[in-house]
Protein chains: 2
Amino acid sequence: MSAPAARTERPAAESGSRRLILDMAARLLRSGGYHQTTLREIAEAVGIRKASLYHHFASKEEIVEAVVGDGVRFVHDAVAAALTGAGQAGPRRRLEAAIAAHLCALHGHGDYTSAAIKVFTFGSGPTPESVRLARRLYEDVWRRLIAELQEAQEVAPGCSAEALRLFLLGAMNGSIDWYRPERFDLGALAREFAALVAPGRPSD
Amino acid sequence: MSAPAARTERPAAESGSRRLILDMAARLLRSGGYHQTTLREIAEAVGIRKASLYHHFASKEEIVEAVVGDGVRFVHDAVAAALTGAGQAGPRRRLEAAIAAHLCALHGHGDYTSAAIKVFTFGSGPTPESVRLARRLYEDVWRRLIAELQEAQEVAPGCSAEALRLFLLGAMNGSIDWYRPERFDLGALAREFAALVAPGRPSD
DNA sequence: TTCGCCCTACCGTCCGGCAGGTAGGCACTG
DNA sequence: CAGTGCCTACCTGCCGGACGGTAGGGCGAA
C-alpha cells in the first residue's frame with residue numbers, strides 16, 4: 001500500500017513520516033487536483049494534526065512541488081529504463097516499450113505520476129524551477145526517441161517531430177480521464193498506440 | 001471581446017445579463033478551473049454584486065453546468081458543420097476538417113469549449129445528465145467518423161476504433177496545455193494530426 | 001402596483017498558516 | 001549515576017480571510 005514508489009532516485013534519506021505525507025498527498029492530488037486537496041485531508045490521511053505537516057514542509061506548495069517532482073522523475077526513470085532494456089531493438093520496438101512504460105507509470109504504480117499530470121500547474125506563483133527542469137529533461141527523452149524514429153523513417157510522413165511529440169504525450173496523458181484497468185490492457189494499448197504512430201512492419 | 005460565442009444553438013432567448021455572466025464564467029473557468037473560479041470573481045467581471053448572480057442561477061454548479069454544456073454543444077456544432085461542409089470529400093479530408101474544427105473551437109473562438117475541457121468533472125455530485133448527454137452525442141460524431149475511415153481502410157491497422165478515438169480526442173484536448181497561437185498554425189496542426197491518424201495519400 | 005433586477009449586509013464553514021507548548025529520546029557532564 | 005540541555009515530532013488553539021449562499025430592501029419600468 002505505502003510501498004516506496006520513487007525509490008529509484010531517493011538514497012533512503014527520508015525520515016519516514018515525510019515519505020508517508022508525500023504518499024498521501026500524491027493520492028489526494030491525483031483524485032482531487034490542487035485546490036480540492038487540503039492540508040487537513042493530507043494530515044488526516046497520514047494520522048497526524050495539520051500543524052505537524054509544517055515540521056516537514058514549509059507550505060502546501062512545497063508538498064505539491066515534491067510530489068510533482070517525484071512523479072515526473074519516476075516516469076522519466078521508468079521510460080529511460082525501458083529504453084535501456086529495449087537496447088538495440090528496432091526503433092518501433094523501442095517506441096512501444098517507452099509508451100508501455102509511460103502508461104504503466106501513469107496507471108500501474110503509485111499516484112505520483114498521475115498527480116504530476118493532473119496538477120500540471122499549481123499554486124499562485126509560476127511553476128518552480130525544479131519541476132520545470134524535471135519536466136524538460138523528460139521531454140528530451142521523447143524528443144530523442146522521435147528523432148530516432150524519424151531517422152529510421154519509421155514514422156508517418158507529413159507530421160513534424162514536435163507535433164508528433166505533443167500528440168503522443170497529450171494522448172497518453174489524456175488516458176487518466178478514461179483509462180479503467182478492467183476495460184483496457186496496458187500492453188495492448190501500448191501496441192495500438194505504437195501502431196498508430198509508427199505504422200508498418202512491427203517486427204523491425 | 002464579449003461577442004456571443006455560442007450563438008449557434010441559442011435562439012437569442014437570453015436575458016442579456018445571463019449570457020454575460022456565462023461569458024465571464026467561461027473565461028475564468030478556462031484559465032482557473034472549477035475550484036479556483038469564485039462567484040466573486042465572476043460577479044466582479046460582469047460588473048454586479050455576487051448576490052445578484054442568484055437572480056439568474058440557483059448555484060455555482062448551475063453556472064458551471066451551463067458553461068460546460070454550451071461548450072460541448074458549441075464544439076459539436078462546429079465539427080458537424082465542418083463535416084457537412086466537407087460533403088462527399090474523401091474520408092481523409094473529412095477527418096482533417098473535423099480536427100481543424102475541433103482545434104478551432106478550442107483555441108479560435110470563445111472560452112466555452114476550453115472551459116468544458118478544463119473542468120471535465122466539477123462540483124461535488126456526479127456530472128449532470130445534461131452534460132453527460134451532450135458529451136455522449138459529441139463522442140458519437142467521432143465514432144461515426146472513425147468508422148467511416150476504417151471502412152475506407154484509410155486508418156493505420158492494428159489500432160482499434162475506440163483506442164483511436166480516445167487517443168485522438170486526448171491529443172487534441174491536451175493542446176490546451178501547450179498551444180500558443182504565435183507558435184502554431186491551427187490548419188497546419190490539423191493536417192499533421194490527420195496525417196498521423198490516416199497516413200498515405202492526402203488527395204483521396 | 002407589480003415585477004424584474006440589483007443592492008447591502010450578513011451567515012456558517014473551511015481555508016492555509018502561525019504561536020506556543022509538551023512528551024520522549026539522546027548526548028554530554030559533574 | 002543524576003542532572004541538564006537540546007533535539008525531533010507532534011500537539012492544542014487560534015488567526016485573518018475567502019468561500020458559497022441567504023435575507024431582505026430599494027428602485028425604475030411597465
Side-chain angles (χ1 to χ4, degrees), chain A residues 2 10 12-29 31-68 115 118-119 121-128 131, chain B residues 2 12-68 115 118-119 121-128 131:
Chain A
S2 65
R10 289 280 162 187
E14 298 281 357
S15 79
S17 288
R18 185 186 160 95
R19 181 50 43 186
L20 185 59
I21 290 170
L22 292 181
D23 282 348
M24 297 299 114
R27 177 190 300 177
L28 292 164
L29 284 168
S31 60
Y34 180 81
H35 293 283
Q36 180 132 266
T37 302
T38 70
L39 295 180
R40 285 170 175 80
E41 281 178 319
I42 297 172
E44 188 183 5
V46 173
I48 61 176
R49 300 298 156 212
K50 175 196 49 148
S52 306
L53 294 174
Y54 285 86
H55 269 273
H56 302 278
F57 300 93
S59 66
K60 178 182 183 181
E61 292 195 15
E62 198 177 291
I63 296 178
V64 179
E65 178 180 343
V67 168
V68 173
K118 185 115 181 186
V119 303
T121 63
F122 59 90
S124 48
T127 306
V131 170
Chain B
S2 65
E14 299 280 356
S15 78
S17 289
R18 183 186 161 95
R19 180 50 43 183
L20 186 58
I21 290 169
L22 292 181
D23 282 349
M24 297 299 114
R27 177 189 301 176
L28 291 164
L29 285 168
R30 170 184 194 163
S31 60
Y34 181 80
H35 293 284
Q36 180 131 267
T37 302
T38 70
L39 295 179
R40 286 170 173 80
E41 281 178 319
I42 296 172
E44 188 182 4
V46 173
I48 62 176
R49 302 298 155 208
K50 176 195 50 147
S52 306
L53 295 174
Y54 286 85
H55 271 273
H56 302 278
F57 300 92
S59 66
K60 177 183 184 181
E61 293 196 14
E62 198 176 291
I63 296 178
V64 179
E65 178 180 343
V67 168
V68 173
K118 186 114 181 185
V119 303
T121 63
F122 59 91
S124 48
T127 306
V131 170

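What you see below is based on every heavy atom in this structure, not just the backbone, and it leaves out hydrogens, waters and symmetry mates. Lettering follows sequence order; numbering is per chain, from 1. Since the model is a prediction, treat every value here as computed from it, not as a measurement.
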Per-nucleotide protein contact string for nucleotides 11-30 of chain D, where B marks a base within reach and S marks sugar-phosphate only (heavy atoms under 4.0 Å, - for neither): BB------BBBBB-------
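dC10(D) atom P lies 15 Å from atom CD1 of I42(A), rounded to whole Å. The CZ-C1' distance, from R18(B) to dC6(C), rounds to 17 Å in whole Å.
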Audit row: I63(A), L39(A), side chain to side chain contact (heavy atoms under 4.5 Å, CB included) steps and yes/no: CA-CA 10 Å; I63(A) 296 178; L39(A) 295 180; 4.1 Å; yes
Candidate pair R30(B) and K118(B), rule side chain to side chain contact (heavy atoms under 4.5 Å, CB included), full reasoning: CA-CA 6 Å; R30(B) 170 184 194 163; K118(B) 186 114 181 185; 5.9 Å; no
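Judged by the 6.0 Å distance and 45° axis criteria, K60(B) is positioned over the aromatic ring of Y34(B).
V131(A) is listed as a side-chain neighbour of E65(A), based on a closest heavy-atom distance under 4.5 Å. Counting heavy atoms from C-beta outward, L29(B) and V68(B) have side chains that stay 4.5 Å or more apart.
When the side-chain nitrogen and oxygen atoms of S17(A) are compared with OP1 and OP2 of dT8(D), none of them lie within a distance under 4.0 Å.
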